[in-house]
Amino acid sequence: MTAPLILTCGEPGGIGPELAAPALAAGVPFVWLGDPRHLPEGTPWAEVAAPGDPVPAGTLPVLRHDFAVPATPGRPDPANAQGVIDVIARAVGMAMRGEAGGICTLPISKQALKEGAGFAFPGHTEYLAHLAGGVEVVMMLASTTVQPPCRVVPATIHIALENVPRALTPDLMERTIRITHAGLIRDFGIVTPRIAVAGLNPHAGEGGAMGRQELDWIAPLCQRLRAEGLEVTGPLPADTMFHAPARARYDAAVACYHDQGLIPIKTLDFAGGVNVTLGLPFVRTSPDHGTAFDIAGQGRADPFSTIAALRMAWDMAQKRGAA
């Protein structure tokens, strides 16, 4: 039987605390890991000793993790930075030991963690990979409300566009495709994944007239992977990859850079997109939004993406359990 999920509290001064109780609408078993002092006043919650301990219906089960100070909505407090980091580490430890079926992480403020606790990682994902033993991971954005589904994996992520051609190497692209392929099997239950690879240049290079990466190494790489038995198509022109008939021909698209993949999915499913980390030894999802300090504490936070992320994490955990 799959253990319940852990929903980490994220940045206490952001919208994370007010998303916890509404996330019960996901209808999947989870516990919230954080300091109950940070929950909005009137939140129905009950402390539990372990995931799965019973609580009354409509009550948020809380694994208590005391922070240094209370939280002020809209303003991160450096004194709480270490607590945010420790919650993530605690959740990962529980998932690694099988005490939780996976984790869904509410958004953090990387700047607040760096300023308050010297956080040395570019973001959540890199820290999770570190905690898991330095494994290599990729970021997938997956839709939940459109059909056919839109799943995209950018090979390069948070770097300047001018640096993409140098960073996008055959080795990086191959590793990205292989991690995506394995993740689609293990986490999505797709027996024979179909992966579409975008070209780097307009019109996938137009036969070399608009760039040679496609001819020089992307097409040969795709051909070699097909010879191994992987269903890989490409390089494909990115501007025609994401309409519905095109999406029906693949299970995930590997993009060359951040906006090439994320603009389509955020246009198609802005509220329902889920961030998935593939390659970890445990399930991890997160809502596809940030801390939203500008609306924190105002009761305006939309729980839809968190609900979608919890449901996807639970489905992924079930898939892993059945593998």
Side-chain angles (χ1 to χ4, degrees), residues 2-12 14-17 19-21 23-24 26 28-39 45-53 55 60-68 71 80-110 112-113 116-117 119-121 123-135 137 139 187 274-288 290-291 305-318 320-321:
T2 304
L5 305 171
I6 293 176
L7 178 65
T8 61
C9 61
E11 165 55 50
I15 60 174
L19 294 172
L24 291 169
V28 302
F30 75 90
V31 295
W32 184 78
L33 177 56
D35 190 329
R37 293 179 301 168
H38 298 161
L39 294 168
W45 66 274
E47 186 172 350
V48 297
D53 286 354
V55 298
L60 178 71
V62 172
L63 276 176
R64 189 179 195 116
H65 192 102
D66 291 334
F67 278 53
N80 279 330
Q82 190 60 51
V84 174
I85 296 168
D86 292 344
V87 159
I88 299 169
R90 183 178 170 188
V92 168
M94 294 180 69
M96 296 276 280
R97 293 190 298 271
E99 298 167 19
I103 63 176
C104 178
T105 59
L106 288 172
I108 60 173
S109 167
K110 293 176 280 292
L113 297 189
F119 192 61
F121 298 89
H124 232 140
T125 300
E126 292 83 359
Y127 184 47
L128 293 167
H130 166 74
L131 292 171
V135 297
V137 299
M139 178 182 78
D187 294 327
V274 174
N275 188 331
V276 181
T277 306
L278 301 179
L280 291 169
F282 52 87
V283 168
R284 184 263 177 150
T285 66
S286 71
D288 186 27
T291 52
S305 187
T306 299
I307 290 169
L310 281 164
R311 287 174 175 167
M312 185 170 289
W314 182 246
D315 187 59
M316 291 167 63
Q318 300 283 88
R320 287 199 181 198

Closest contact, heavy atoms only, Val137 versus Gly279: CG1-C, 4.0 Å

Pairwise side-chain contact, Thr125 with Arg284, heavy-atom cut-off 4.5 Å (strictly under): yes

Validation row: Leu310, Thr285 side chains within 4.5 angstrom (heavy atoms): no

Nearest heavy atoms of Pro29 and Trp314, plus distance in Å: CG-CH2, 3.5 Å

Plane angle bin for Tyr127 and Phe121 - parallel if under 30°, tilted between 30 and 60°, otherwise perpendicular: tilted

Nearest-0.5 Å distance that lies between atom OG in Ser305 and atom CE in Met312: 9.5 Å

Sequence-distant partners of Asp187, side-chain hydrogen bond (donor to acceptor under 3.5 Å, both in side chains), two or more places apart: Arg320

OG1-CG distance between Thr8 and Leu128, expressed to the nearest 0.5 angstrom: 8.5 Å

Considering all heavy atoms, the nearest Ala68-Asn80 contact: N-OD1, 3.4 Å

Point-to-point distance, once rounded to the nearest 0.5 Å, from CE of Met96 to CZ of Phe282: 6.5 Å

Closest contact, heavy atoms only, Glu11 versus Ala112: OE1-CB, 4.1 Å

Close side-chain approach of Ser286 and His124, heavy atoms under 4.5 Å: no

For Arg37, all residues meeting salt bridge (Lys or Arg N to Asp or Glu O under 4.0 Å), sequence neighbours excluded: Asp35

Partner residues of Ser109 under the side-chain hydrogen bond (donor to acceptor under 3.5 Å, both in side chains) criterion, sequence neighbours left out: none

Set of salt bridge (Lys or Arg N to Asp or Glu O under 4.0 Å) partners for Glu126, sequence neighbours left out: none

CZ-CG distance between Phe30 and Leu60, expressed to the nearest 0.5 angstrom: 5.5 Å

Minimum-distance pair of heavy atoms, taken over all atoms of Val276 and Met316: CG1-CE, 3.5 Å

Considering all heavy atoms, the nearest Val31-Pro51 contact: CG1-CA, 3.7 Å

Residue pair Ile88 / Thr105, side-chain heavy-atom distance below 4.5 Å: no

Distance (rounded to the nearest 0.5 Å) between Trp32 CH2 and Leu19 CG: 11.0 Å

Minimum side-chain heavy-atom gap Cys9-Leu63 below 4.5 Å: no

Residue pairs passing the salt bridge (Lys or Arg N to Asp or Glu O under 4.0 Å) test where at least one lies in residues 82-97, sequence neighbours excluded: Arg97-Glu99

Nearest-0.5 Å distance that lies between atom CG in Leu106 and atom CG in Leu7: 4.0 Å

side-chain hydrogen bond (donor to acceptor under 3.5 Å, both in side chains) partners of Asn275, counting only residues at least two apart: none

Heavy-atom side-chain contact between Val55 and Trp45 under 4.5 Å: no

Any Ile85 side-chain heavy atom under 4.5 Å of Gln82 side chain: yes

Pairwise side-chain contact, Pro287 with Pro107, heavy-atom cut-off 4.5 Å (strictly under): yes

